[in-house]
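Quick notes on the structure that follows.
Protein chains get the first letters and strands the later ones, always in sequence-line order, with residue 1 at the start of each.
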Amino acid sequence: MPAPTRTTIAPTLVAWFTENARDLPWRRPGFGAWGVLVSEFMLQQTPVNRVIPLLEAWLDRWPTPAALAAAPPGDAVRHWDNLGYPRRALWLHRAAVEITARHGGVVPRSVDDLLALTGVGDYTARAVAVFAYGDRHPVVDTNTRRVIARAITGDAHPAAAHRRDLDAMADLLPEDDGDAARFNAAAMELGAVVCTARSPRCEVCPIADVCAWRAAGYPDTADTRRKQARYEGSDRHARGAVLAVLRGAATHEASAAEVIADWPDPVQRDRAIDSLVVDGLIEAVDGRLRLPR
DNA sequence: AAAACGTGGCG
DNA sequence: TCGCCAAGTTT
């Protein structure tokens, strides 16, 4: 069984994607580069179904980068709600300010300009250039990484993320811009709905017949990823609890002793508050805590 | 370059 | 119940 190549895997996946793509907001024609950028921020480490409602509310409130840039950063944190990793809200707000100042309020198109925005890395920059503007770049996320690890390399799990992954994807990319964009989306989609981390559905996989992992008998390659730290009782948990109070009770403010007053570890509580202030996610003014203005 | 960074759902 | 997992980026 030959290893899948550009000529075998891409047309098959693109054809499968054409038939099976989920109807997601950011795939609607004319969704716009701002919408795509916001969606990509929200999708960083956060499942699609949790993003959709918050994305739509966000874009109703702030239809342009300039609109968000004009709002206080605390509003961004508040309306990020419970999406998680709230510093993304701060980064997105900062990116909106940068777009307004440096790019006339238009989300930039070049990967370099996108990479220069706060909170935009290798994945997000190329996702915007490809999915919003139709340019030809490799887009590599955790799904694509897993699909390549299995179908091409024959491993159950991808190695640690590496910039070299971009080269591997670039080698598989069709020549045509549109086909390349669809292939990028198709690889992500396959990883998201078929070639999933825990229970791959090989019986419906369009490339099962050329999959190196399947051909090798599904070897259980070692998973090299680091385990996630326990959340319950962690500093992250404490930070999340503080922020949840200040988000919900946004109209009034709280003192350090009042927020999560029943938190079992006051030292940890204070450490959480201090780190949130350092990160700019909250402000302490006259001993009162609040979201930043 | 390893660790930090939220939150909720699913097996 | 509990650990894994989710369209990553930053320091």
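Across all strands, A:Val120 comes closer than 4.0 Å only to sugar-phosphate atoms, never to a base (heavy-atom distances). Contact annotation for A:Arg94: no contact, since no heavy-atom pair falls under 4.0 Å across all strands. Note on A:Asp279: nothing from the nucleic acid sits closer than 4.0 angstrom, heavy atoms only. Here A:Gly84 lies in heavy-atom contact (under 4.0 Å) with a base. Residue-level contact check: A:Ala127 touches neither bases nor backbone, having no heavy atom under 4.0 Å from any strand. Residue A:Thr144 is out of contact with every strand shown, counting any heavy-atom pair closer than 4.0 Å. A:Leu243 comes within 4.0 angstrom of no nucleic acid atom, judged by non-hydrogen atoms across all strands.
Remark: A:Arg102 CZ is packed, more than 12 non-hydrogen atoms of other residues, nucleotides or ligands lying under 6.0 Å away. Around the CD atom of A:Glu203, the shell of radius 6.0 Å holds more than 12 heavy atoms that belong to other residues, nucleotides or ligands.
For the OP1/OP2 pair of C:dT9 and a distance below 4.0 Å, the side-chain nitrogens and oxygens of A:Thr124 include at least one atom meeting the criterion.
For A:Arg145, the salt bridge (Lys or Arg N to Asp or Glu O under 4.0 Å) partners are A:Asp165, not counting sequence neighbours. For A:Asp270, there are no salt bridge (Lys or Arg N to Asp or Glu O under 4.0 Å) partners, not counting sequence neighbours.
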> Hey, mind stepping through A:Asp279 and A:Leu90 against side-chain contact (heavy atoms from CB on, under 4.5 Å) and telling me if it holds?
Replying inline: CA-CA 9 Å; A:Asp279 289 349; A:Leu90 231 36; 5.5 Å; no
>> ring-ring contact (aromatic ring centres under 6.0 Å, His included), that's the test. Do A:Tyr218 and A:Trp213 meet it? Break it down for me.
In response: CA-CA 5 Å; A:Tyr218 300 117; A:Trp213 185 46; 4.8 Å; yes
> Do A:Val147 and A:Met188 pass the side-chain contact (heavy atoms from CB on, under 4.5 Å) test, and can you show the C-alpha distance, the side-chain angles, and the key distance before you say yes or no?
Replying inline: CA-CA 8 Å; A:Val147 167; A:Met188 292 169 60; over 6 Å; no
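Nearest heavy atom pair, residue A:Pro65 against residue A:Val107, reads CG-CG2, 4.3 Å. For the residue pair A:Arg136 and A:Leu173, the shortest heavy atom distance occurs at NH2-O, 3.2 Å.
Counting to the nearest Å, the P atom of C:dC2 and the NZ atom of A:Lys227 are 16 Å from each other. If you take CG of A:Leu114 and C1' of C:dA7, they are 16 Å apart, rounded to a whole angstrom. Atom pair A:Tyr85:OH and C:dT9:P shows a separation of 13 Å (rounding to whole Å applied). The nearest whole Å value for the distance from the CZ atom in A:Arg226 to the P atom in C:dC5 is 13 Å. The CG atom of A:Asp141 sits 14 Å away from the C1' atom of C:dC5 (whole-angstrom rounding). A straight line from CG of A:Leu281 to C1' of C:dT9 spans 14 Å, rounded to a whole angstrom. Spacing between atom CZ of A:Arg88 and atom P of C:dA6 amounts to 15 Å, rounded to whole angstrom units. In this structure, A:Asp223 atom CG and C:dG3 atom C1' are separated by 13 Å, rounded to whole Å.
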Which pairs of donor and acceptor atoms, one on a side chain in residues 155-163 of chain A, lie under 3.5 Å apart (sequence neighbours left out)?
from: A:His162; atom 1: ND1; to: A:Arg164; atom 2: N; distance (Å): 2.9
from: A:Arg163; atom 1: NE; to: A:Asp122; atom 2: OD2; distance (Å): 2.8
from: A:Arg163; atom 1: NH2; to: A:Asp122; atom 2: OD1; distance (Å): 3.1

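Listed by residue number, A:Arg230 are the residues of residues 229-242 of chain A with a heavy-atom contact under 4.0 Å to DNA chain C. Within residues 24-50 of chain A, the residues approaching DNA chain B are A:Gln45, A:Thr46, A:Arg50, by heavy-atom distance under 4.0 Å.
Each of A:His157 and A:Arg145 has a nearest nucleotide on DNA chain C; the 5'-most of these lies closest to A:His157. Summary of the strand contacts: A:Arg198 and A:Arg87 both lie near DNA chain B, and taking for each the nucleotide with the nearest heavy atom, the more 5' one is attributed to A:Arg87.
B:dG6 sits 14 Å from C:dT11 when the P atoms are compared, rounded to a whole Å. The gap from the C1' atom of C:dA7 to that of B:dA2 amounts to 23 Å, rounded to the nearest Å.
The pair A:Arg182-A:Glu189 does not meet the salt-bridge criterion, since no charged nitrogen lies less than 4.0 angstrom from a carboxylate oxygen. Salt bridge annotation for A:Asp274-A:Arg271: absent, with no cationic side-chain nitrogen under 4.0 angstrom from a carboxylate oxygen.
Under a hydrophobic clustering in which Ile, Leu, Val, Met, Phe, Trp and Tyr are joined whenever their side-chain heavy atoms come within less than 4.5 Å, directly or via other members, A:Leu190 and A:Val139 fall into different clusters.
The nucleotide range of DNA chain B contacted by chain A, defined by atoms under 4.0 angstrom from heavy atoms of the protein and reported 5' to 3', is B:dA3 to B:dG11.
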